[in-house]
Protein chains: 2
Amino acid sequence: MPAMSEAPESKPLGAGRQLLFLREEELRLAQDLLFFGYRDFTAGPDAILAELGMGRAHHRVLHFVGRRPGITVGDLLSILGITKQSLGRVLTPLVEDGYVTQAPGRNDRRQRLLSLTEKGEAMERRLFERQREWVMRAYREAGPVAVEGFRRVMLGLMGPEARAQLDRAQPAAAPGAPKPRSAA
Amino acid sequence: MPAMSEAPESKPLGAGRQLLFLREEELRLAQDLLFFGYRDFTAGPDAILAELGMGRAHHRVLHFVGRRPGITVGDLLSILGITKQSLGRVLTPLVEDGYVTQAPGRNDRRQRLLSLTEKGEAMERRLFERQREWVMRAYREAGPVAVEGFRRVMLGLMGPEARAQLDRAQPAAAPGAPKPRSAA
DNA sequence: CCTTTTGGGTCAGCGTCATTGACGTTTCTT
DNA sequence: AAGAAACGTCAATGACGCTGACCCAAAAGG
């Protein structure tokens with residue numbers, strides 16, 4: 001159906017181009033980019049974590065607990081989208097090794113509110129810095145406009161639930177970048 | 001640290017802003033976006049694969065073999081960045097179940113050149129279509145400019161080796177989008 | 001007060017995907 | 001003939017996810 005020959009003579013351009021930029025090859029490229037990009041994005045922290053006998057799952061816990069100190073186990077579970085058991089296998093050692101503290105909730109004492117200890121914060125920061133350098137390089141090479149586009153696309157790749165959780169985590173837009181995400 | 005009030009009085013803007021858009025919060029947002037985005041990006045194919053008793057690794061093989069028919073096992077290994085054993089556990093069943101064919105290389109008969117069978121192509125297409133819808137939605141919502149920015153950033157997130165492999169896979173830029181990637 | 005629901009933890013077992021180390025075969029190269 | 005390369009395979013290990021079942025303590029509601 002798409003004109004395979006060199007010159008797209010008969011088909012009018014313009015509006016058609018708007019739809020055609022979703023051609024198959026462009027989507028296959030997106031698959032490649034996401035696969036390689038995500039893999040290399042996580043490679044740095046993975047190396048640090050491996051030295052300490054931890055894995056990517058530990059990093060996620062440190063990351064999200066660090067972002068929301070006092071988060072409940074249940075909220076963390078729904079953010080990560082894993083089961084209680086899977087979280088437990090990672091969270092329990094983190095608590096035992098002094099990276100994460102549990103405090104009973106004031107309103108509901110059944111809850112264990114999770115926060116990072118100093119050790120946990122230091123660890124998270126170390127992982128973050130590694131990843132920061134990597135992302136910073138990509139951001140710098142691509143430029144601010146590209147970064148904004150990257151954010152918009154990634155946000156679109158997220159499901160509705162994930163988007164809602166992200167919005168909850170980002171209570172207000174950063175003062176320097178007050179661009180509403182839904183503005184098409 | 002960033003000026004929270006409306007008028008950023010003392011700090012000079014301009015070049016500073018160029019560096020400040022890499023503030024910590026923006027990078028933490030990038031972490032979130034990549035985590036949620038990649039997870040939901042792979043969720044569709046994962047569901048299909050699970051029904052067939054396959055996993056993400058099978059999809060990767062189908063994808064990259066489909067992109068480069070006649071690829072050698074060694075090349076596939078270096079693309080995927082996994083070990084021979086890990087690939088074997090996934091590739092052998094794919095060959096046995098008739099998704100992938102092996103043909104001895106003409107120049108070097110030690111090589112097993114891999115290609116998709118019709119069954120394999122159908123399977124890959126099914127997975128692709130699922131993902132296509134998802135990405136297409138995100139692309140459409142974000143717009144062409146954002147998509148270009150997304151590509152630039154993702155490319156920057158890739159390591160040099162991955163970038164080289166991608167370039168080898170994309171022998172020439174798509175005729176409709178002749179934007180050189182390295183132009184900064 | 002007593003029952004039910006909820007937040008959290010845990011034990012057992014399973015599957016996928018990756019790893020390392022070692023060994024074997026065929027084929028190409030020198 | 002010797003070595004290296006391309007591919008395959010056996011065995012063991014570990015990270016990370018899952019389900020099912022069961023437990024405790026605290027909250028909620030009759």
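Chain naming here is simple, since letters A, B, ... match the order of the sequence lines and numbering starts at 1 in each.
At a threshold of 4.0 angstrom between heavy atoms, the contacts of B:Gly74 are confined to the sugar-phosphate backbone, with no base atom among them.
Atom pair B:Asp46:CG and C:dT16:P shows a separation of 13 Å (rounding to whole Å applied). Nucleotide C:dC28 holds its P atom 11 Å from the CZ atom of B:Arg112, rounded to whole Å. When the P atom of C:dC17 is taken as reference, atom CG of B:Leu94 falls 10 Å away, rounded to whole Å. Rounding to whole angstrom units, CD of residue A:Gln111 and C1' of C:dT6 are separated by 10 Å. In this structure, A:Leu76 atom CG and C:dG9 atom P are separated by 10 Å, rounded to whole Å. We find that CG of B:Leu113 is positioned 13 Å from P of D:dA6, with the value rounded to whole Å. At whole-Å resolution of the value, CD in B:Glu96 and P in D:dG8 are 12 Å apart. Summarising the geometry, the separation between CG on A:Asp75 and C1' on C:dG8 is reported as 13 Å, rounded to the nearest angstrom.
Of the possible polar contacts, none joining the B:Arg56 side chain to the B:Thr42 backbone as a donor-acceptor pair under 3.5 Å is found. At distances below 3.5 Å, at least one donor-acceptor pair connects side-chain atoms of A:Trp134 with backbone N or O atoms of B:Leu157.
The shortest distance between the side-chain N/O atoms of B:Thr92 and the OP1/OP2 oxygens of D:dG8 is not below 4.0 Å.
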Interface polar pairs with nucleotides 13-17 of chain D, N/O, under 3.5 angstrom:
{"residue": "D:dC16", "atom": "OP1", "partner": "A:Arg56", "partner atom": "N", "Å": "2.5"}
{"residue": "D:dC16", "atom": "OP1", "partner": "A:Ala57", "partner atom": "N", "Å": "3.1"}
{"residue": "D:dG17", "atom": "OP1", "partner": "A:Arg60", "partner atom": "NH1", "Å": "2.7"}
{"residue": "D:dG17", "atom": "N7", "partner": "A:Arg89", "partner atom": "NH2", "Å": "2.6"}

Distance-only donor-acceptor pairs under 3.5 Å for side chains of residues 85-103 of chain B, two or more places apart:
{"residue": "B:Ser86", "atom": "OG", "partner": "B:Thr83", "partner atom": "OG1", "Å": "3.1"}
{"residue": "B:Thr92", "atom": "OG1", "partner": "B:Gly88", "partner atom": "O", "Å": "2.9"}
{"residue": "B:Thr101", "atom": "OG1", "partner": "B:Ser115", "partner atom": "O", "Å": "3.3"}

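Using a 4.0 Å cut-off between a side-chain N of Lys or Arg and a carboxylate O of Asp or Glu, B:Glu129 and B:Arg132 qualify as a salt bridge. A salt bridge links A:Glu25 to B:Arg67: at least one charged side-chain nitrogen sits closer than 4.0 Å to a carboxylate oxygen. Under a 4.0 Å N-O distance rule, the pair A:Glu124/B:Arg28 qualifies as a salt bridge.
Where B:Leu87 and A:Gln102 meet DNA chain C, the nucleotide closest to each residue was compared, and A:Gln102 sits on the side nearer the 5' end.
Note that B:Arg60 lies outside the cation-pi zone of B:Phe64, set by a 6.0 Å cut-off to the ring centre and a 45° limit from the axis. The side-chain tip of A:Arg152 does not point at the ring of A:Phe150 from less than 6.0 angstrom away and within 45° of straight on.
Linking Ile, Leu, Val, Met, Phe, Trp and Tyr residues whenever their side-chain heavy atoms come within less than 4.5 Å leaves A:Leu113 and A:Val61 in two separate clusters.
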Checklist entry - Can you give one letter per nucleotide of nucleotides 20-30 of chain D, 5' to 3': B if a protein heavy atom sits under 4.0 Å from the base, S if only from the sugar-phosphate, - if neither? => result BB----BS---

